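Below is one structure, written out as structure tokens, with a few remarks after it.
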Amino acid sequence: MQWETVIGLEVHVQLATRSKIFSGASTAFGAEPNSQACAVDLGLPGVLPVLNEAAVAMAVKFGLAINAEIPEISVFDRKNYFYPDLPKGYQTSQMYSPIVGPGEVEITLDDGATKQIGVHHAHLEEDAGKSLHEDFHGMTGIDLNRAGTPLMEIVSQPDMRSAKEAAAYLKAIHAIVTYLGISDGNMAEGSMRCDVNVSVRPEGQERFGTRAEIKNVNSFRFVERAINFEKERQIELLEDGGVVEQETRLFDPELDETRSMRTKEEANDYRYFPCPDLLPVVLDQAYIDHQRRSLPELPAEKRARFQDELGLSAYDAGILSSSRAMADYFEVVKDVCGDAKQAANWVQGELSGALNRENLSIEQSPVAARQLGGLVSRVVDDTINGKAAKEVFQALWNGEGDSADDIIDAKGLEQVTDTGAIEAMIDQVIADNPAQVTQYQEADDAKRGKMIGYFVGQVMKASRGTANPQQVNALLKEKLDQA
Amino acid sequence: MAIEHEDVRRAAHLARLGLDDADAAHYVDDLGRILEMVDQLQTVDTDQVTPMAHPLDATQRLRADEVTEPDQRDHFQRCAPLVENGLYLVPRVVE
């Protein structure tokens with residue numbers, strides 16, 4: 001039987017505010033335990049939460065970026081459960097009237113095709129603290145610095161049909177939130193994490209199968225692996241005549257498998273109700289319009305502009321718009337050198353290659369965009385040839401000079417295009433290699449084509465790589481053929 | 001809507017309240033009467049009434065995103081039963 005996989009994602013994004021969602025305590029990462037947990041975060045008696053305007057603005061921006069409805073009124077609810085890293089005994093969240101209504105996210109698949117994934121809603125909530133289980137004489141240590149950090153939870157429709165689509169969706173969300181600057185998107189530090197709902201059904205069946213929810217998947221790669229494992233597990237179960245239980249499962253990246261955490265019967269009953277400490281949040285049209293005006297160009301728009309206005313291929317435009325840092329870097333290079341295609345080639349070729357080798361992100365590049373732009377300018381205006389350009393790039397990478405021009409001067413890499421100078425070098429090479437010249441002249445045309453490479457190499461060497469290779473080739477051919 | 005002994009037990013467990021059987025019987029009766037009143041309210045036609053999320057006719061004020069809380073850890077931890085290396089210690093939670 002042919003099976004279809006149905007996937008929905010709940011993505012938690014940590015918002016990049018300075019202070020917490022309901023208190024004035026700092027959200028900075030890596031502080032001393034509990035040094036950023038104030039009376040509100042600790043849930044001490046008599047405190048009142050006050051909502052952070054920046055968290056509201058960030059959620060609204062996200063909503064506008066995915067063409068979602070922004071309801072006039074949203075309401076905070078209490079999600080009640082007991083756990084020591086949740087001192088109030090409830091998480092303040094939004095259940096019935098979230099701040100962002102239904103919207104849509106466009107994903108791009110490997111073959112360049114696009115697909116719209118529905119977003120059911122996105123809501124604001126607070127994060128919990130952290131429990132440390134090791135090394136406290138059999139007790140658990142609680143750090144509440146993270147308690148009250150603003151999160152936005154983005155709940156998708158069950159619109160994805162493969163692990164690849166789910167990963168593409170997660171990447172699209174990542175690109176949107178980092179473009180908007182509302183989250184650093186750092187998955188390793190937990191700034192973005194997701195729960196994955198997976199079910200399977202026979203192809204053609206309309207009703208959804210029973211789903212399992214996989215908790216806390218924290219990388220693009222793990223999302224794909226967890227889904228692929230879970231899909232296979234469910235298909236195998238069903239083909240053996242079993243049934244899929246509705247349950248919560250954990251993904252174990254080391255064993256590459258998911259395992260049961262709790263079943264539906266043990267599922268929590270959170271007894272949501274509107275939080276009496278917080279009043280309804282009312283956003284008027286002027287506020288929403290103000291946020292709309294502050295939206296930057298978004299990934300999909302940038303990709304289209306790179307293709308339509310700069311003439312880049314769909315592939316190049318997709319890669320260069322995949323993150324804001326990459327796009328910003330590329331645009332500086334392009335503006336400095338004035339040639340979009342050369343800029344694209346250098347960013348994706350030499351630069352990306354070097355970054356990958358050293359395992360650096362583009363933000364950590366030792367070569368600044370302005371410097372690479374200066375280098376590409378000299379390639380575009382023929383000041384240096386391709387070989388010299390690579391040498392200049394390496395020098396910039398090693399910090400041997402501030403600009404390409406400085407390095408070109410210091411190393412004498414300026415391309416020699418003076419015919420007289422090149423001819424003099426060619427004459428010298430011909431004089432120094434009589435045997436090779438004879439061989440060349442006795443060879444037929446097909447062989448000559450290959451043999452000329454030797455002479456080009458000698459001339460380039462004599463010019464310390466600075467001769468214009470096209471000129472060398474043409475002049476050599478002329479001289480050897482008539483000699 | 002009738003409430004059963006089991007419902008009371010479950011609600012008490014979720015709220016981490018210790019009830020003995022006599023307490024539970026008392027709440028079956030008490031909460032049962034509250035729910036009867038709710039049933040009565042449910043019969044009122046509210047089609048033309050906008051649901052409200054809060055009894056006060058006011059909207060949420062927002063605060064500027066500024067760090068205003070200094071570190072008062074030592075002060076707060078004075079009333080904690082057990083702390084170590086800045087952490088609050090609690091009975092072990094099994095994941």
Side-chain angles (χ1 to χ4, degrees), chain A residues 17-20 22-28 31-42 44 50-57 73 75-77 80-85 87 89 96-97 129 131-133 136-144 268-269 271 274-276 278-282, chain B residues 1 3-4 6-18 27 31 34-35 38 41 46 49-95:
Chain A
T17 56
R18 284 184 287 271
S19 65
K20 295 193 175 168
F22 298 122
S23 83
S26 170
T27 54
E32 276 284 295
N34 293 307
S35 62
Q36 294 175 173
C38 72
V40 172
D41 309 325
L42 295 174
L44 294 182
V50 187
L51 183 58
N52 186 338
E53 191 275 332
V56 171
I73 296 176
V75 177
F76 283 93
D77 301 290
N80 300 281
Y81 67 95
F82 286 101
Y83 205 78
D85 58 24
Y96 303 108
S97 306
S131 303
L132 303 158
H133 300 289
F136 297 103
H137 349 279
M139 302 195 69
T140 294
I142 305 291
D143 177 6
L144 295 168
N268 278 310
D269 175 352
R271 297 150 294 141
C275 180
L278 288 156
L279 292 157
V281 179
V282 176
Chain B
M1 194 180 118
I3 187 166
E4 310 277 337
E6 254 330 289
D7 300 324
V8 169
R9 281 254 164 251
R10 179 170 159 73
H13 171 70
L14 286 169
R16 299 298 186 270
L17 295 173
Y27 283 115
L31 291 173
I34 291 172
L35 288 174
V38 173
L41 289 173
T46 55
V49 182
T50 314
M52 62 182 190
H54 201 281
L56 297 183
D57 187 18
T59 60
Q60 180 61 37
R61 284 181 58 172
L62 305 178
R63 38 167 270 274
D65 180 25
E66 284 159 11
V67 176
T68 52
E69 291 291 335
D71 174 13
Q72 296 189 75
R73 183 176 77 182
D74 293 343
H75 177 62
F76 291 137
Q77 293 198 333
R78 243 181 285 153
C79 64
L82 218 49
V83 292
E84 189 175 309
N85 297 334
L87 297 162
Y88 294 92
L89 292 194
V90 300
R92 191 178 185 105
V93 192
V94 182
E95 284 278 271

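Chain letters run A, B, ... following the sequence lines, proteins first and then strands; every chain starts at 1. Model, not experiment: these values are computed from the prediction.
- Here the straight-line distance linking atom CZ of F76(A) with atom NE2 of H54(B) works out to 13.0 Å at 0.5 Å rounding.
- The two atoms that bring L51(A) and Q60(B) nearest to each other are N-NE2, 3.7 Å, heavy atoms only.
- Taking R9(B) as the reference, D21(B) meet the salt bridge (Lys or Arg N to Asp or Glu O under 4.0 Å) condition, with sequence neighbours excluded.
- Residues that satisfy the salt bridge (Lys or Arg N to Asp or Glu O under 4.0 Å) test with D41(A), not counting sequence neighbours, are K20(A).
- Contact annotation: the side chain of N80(A) never approaches that of L14(B) to less than 4.5 Å [non-hydrogen atoms, C-beta and beyond].
- Using a 4.5 Å cut-off between heavy atoms, V75(A) contacts chain B through its side chain alone, with no backbone atom that close.
- Between the CG atom in L44(A) and the SG atom in C79(B) there is a gap of 6.5 Å [rounded to 0.5 Å].
- Residues of residues 68-77 of chain B lying within less than 4.5 angstrom of chain A, judged on heavy atoms, are T68(B), E69(B), D71(B), R73(B), F76(B), Q77(B) in numerical order.
- In terms of non-hydrogen atom pairs under 4.5 Å with chain B, the most contact-rich of C38(A), A28(A), P274(A) is C38(A).
- Both the backbone and the side chain of P33(A) come within contact range of chain B, judged by heavy atoms closer than 4.5 Å.
- Both the backbone and the side chain of P280(A) have a heavy atom closer than 4.5 Å to some heavy atom of chain B.
- Qualifying side-chain hydrogen bond (donor to acceptor under 3.5 Å, both in side chains) partners for D85(A), counting only residues two or more places apart in sequence or in other chains: S131(A).
- For chain B, no part of A55(A) is nearby; none of its heavy atoms comes within less than 4.5 Å.
- With hydrogens and angles ignored, the 3.5 Å screen pairs no side-chain donor or acceptor of D65(B) with any backbone N or O of N52(A).
- Proximity to chain B (any heavy atom under 4.5 Å) is shown, for Q36(A), by neither the backbone nor the side chain.
- Only the side chain of V56(A) comes within contact range of chain B, with at least one heavy atom under 4.5 Å from a heavy atom of that chain.
- The distance from the OG1 atom of T59(B) to the CG atom of L278(A) is 12.0 Å, given to the nearest 0.5 Å.
- With a 4.5 angstrom heavy-atom cutoff, S97(A) does not touch chain B via any of its atoms.
- Contact tally against chain A (heavy-atom pairs below 4.5 Å) for M52(B), R61(B), R16(B), E66(B): the top residue is R16(B).
- Contact annotation for I73(A): neither backbone nor side-chain heavy atoms come within less than 4.5 Å of a heavy atom of chain B.
- Residues Y88(B) and L42(A) have side chains in contact (heavy-atom distance under 4.5 Å, counting atoms from C-beta outward).
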